[in-house]
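Values below: every heavy atom of this structure, side chains too, minus hydrogens, waters and symmetry copies.
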Amino acid sequence: MSSPSAGGHAQLNSSQRERRQRIILETTVLAAGGGWDGVQMREVASRSGVALGTLYRYFPSKEYLLVSVMLEQVEGLAERLAVRPPRGDDPVARVVDVLGRADRALQREPQVTVAMIRALVTGGAQVAPAVGAVRDAMRRIVTDAIGEPPGPDRTIRIDLLTDVWLASLVSWITGIEPASGLIDRLATATEVLLG
């Protein structure tokens with residue numbers, strides 16, 4: 001099985017998808033209770049009811065697993081946005097609404113967010129498929145909020161905006177910036193990059 005967690009869920013049969021979901025759920029529970037250190041691969045396997053080798057076939061490292069949790073959360077955001085579309089009269093306002101919703105969701109589970117961001121920035125090349133899937137999912141969400149297909153210039157601007165979002169999250173989890181300042185920073189970046 002080759003990294004089914006990096007956006008390749010459709011290639012899994014129903015029992016594999018269910019197993020993957022159990023692993024993601026148990027990882028999230030462990031991260032919520034203990035952050036980065038709370039996620040131990042042996043404990044994830046035990047709580048998920050899978051062999052440790054099976055866990056490693058799905059997720060080759062702790063970093064990969066936690067970035068996959070982030071992908072699951074970003075995909076969940078996309079599903080919620082399909083039900084309740086972003087608010088705003090123009091593309092900038094809609095993108096700010098989307099980023100605000102994402103930040104509020106991340107701030108509700110700060111330990112999980114710390115673990116996911118730490119995995120995202122320390123994972124190395126092995127985690128690249130999962131990181132790329134997160135970036136692609138965020139690009140689609142922002143593009144949908146804008147409401148028109150992006151050209152190459154707009155795609156670069158969207159990627160830069162998601163980079164600012166990630167840097168803002170790093171500033172928050174390291175204590176450089178308060179959580180309350182994130183949306184203002186993102187609103188400014190959105191206006192500069194997409195306005």
Find out whether [X] and [Y] are in side-chain contact, i.e. whether some heavy atom of one side chain is under 4.5 Å from a heavy atom of the other.
X: Arg20; Y: Arg17; answer: no
X: Arg135; Y: Asp163; answer: yes
X: Arg154; Y: Leu194; answer: yes
X: Glu109; Y: Gln73; answer: no
X: Leu66; Y: Arg118; answer: no
X: Gln107; Y: Thr113; answer: no
X: Thr162; Y: Arg139; answer: no

Among the clusters formed by ILVMFWY side chains lying less than 4.5 Å apart, do [X] and [Y] turn up in the same one?
X: Phe59; Y: Leu52; result: yes
X: Ile146; Y: Leu81; result: yes
X: Leu106; Y: Leu25; result: no
X: Leu160; Y: Trp165; result: yes
X: Leu193; Y: Ile156; result: yes

Could you state the interatomic distance from [atom1] ([X]) to [atom2] ([Y]), rounded to the nearest 0.5 Å?
X: Lys62; Y: Thr27; atom1: NZ; atom2: OG1; result: 10.5 Å
X: Asp90; Y: Glu191; atom1: CG; atom2: CD; result: 8.0 Å
X: Thr143; Y: Glu148; atom1: OG1; atom2: CD; result: 10.0 Å
X: Ile24; Y: Met70; atom1: CD1; atom2: CE; result: 12.5 Å
X: Arg108; Y: Asp103; atom1: CZ; atom2: CG; result: 11.0 Å

Subject >> Arg140 bridged to Asp136 by N-O distance under 4.0 Å >> reply: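 Looking at Arg140 and Asp136, the cut-off is not met.
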Original post:
Salt bridge between Arg157 and Asp153, side-chain N to carboxylate O under 4.0 Å?
Top reply: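 Here Arg157 pairs with Asp153 in a salt bridge, since their nearest N and O are under 4.0 Å apart.
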Subject >> Donor-acceptor contact present, side-chain Gln16 to main-chain Asn13, <3.5 Å >> reply: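 Yes.
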Do you know the tightest heavy-atom contact between [X] and [Y]?
X: Val96; Y: Ala187; answer: CG2-CA, 3.7 Å
X: Val131; Y: Val67; answer: N-CG1, 3.8 Å
X: Pro60; Y: Tyr64; answer: CD-CG, 3.7 Å
X: Ala145; Y: Val98; answer: CB-CG2, 3.8 Å

**OP:** Could you walk me through whether Val50 and Arg22 pass the side-chain contact (heavy atoms from CB on, under 4.5 Å) test, one step at a time?
**Re:** CA-CA 9 Å; Val50 301; Arg22 276 197 326 266; 3.7 Å; yes
Ignoring hydrogens and angles, write down the donor-acceptor pairs under 3.5 Å from the side chains of residues 34-46, residues two or more places apart or on other chains.
unit_1 : atom_1 : unit_2 : atom_2 : d
Gln40  : NE2    : Asp37  : O      : 2.8

What donor-acceptor contacts under 3.5 angstrom involve side-chain atoms of residues 166-185, with partners at least two apart or in another chain?
unit_1 : atom_1 : unit_2 : atom_2 : d
Ser168 : OG     : Val164 : O      : 2.9
Ser171 : OG     : Ala167 : O      : 3.2
Thr174 : OG1    : Val170 : O      : 2.7
Thr174 : OG1    : Ser171 : O      : 3.3
Glu177 : OE2    : Arg185 : NH2    : 3.4

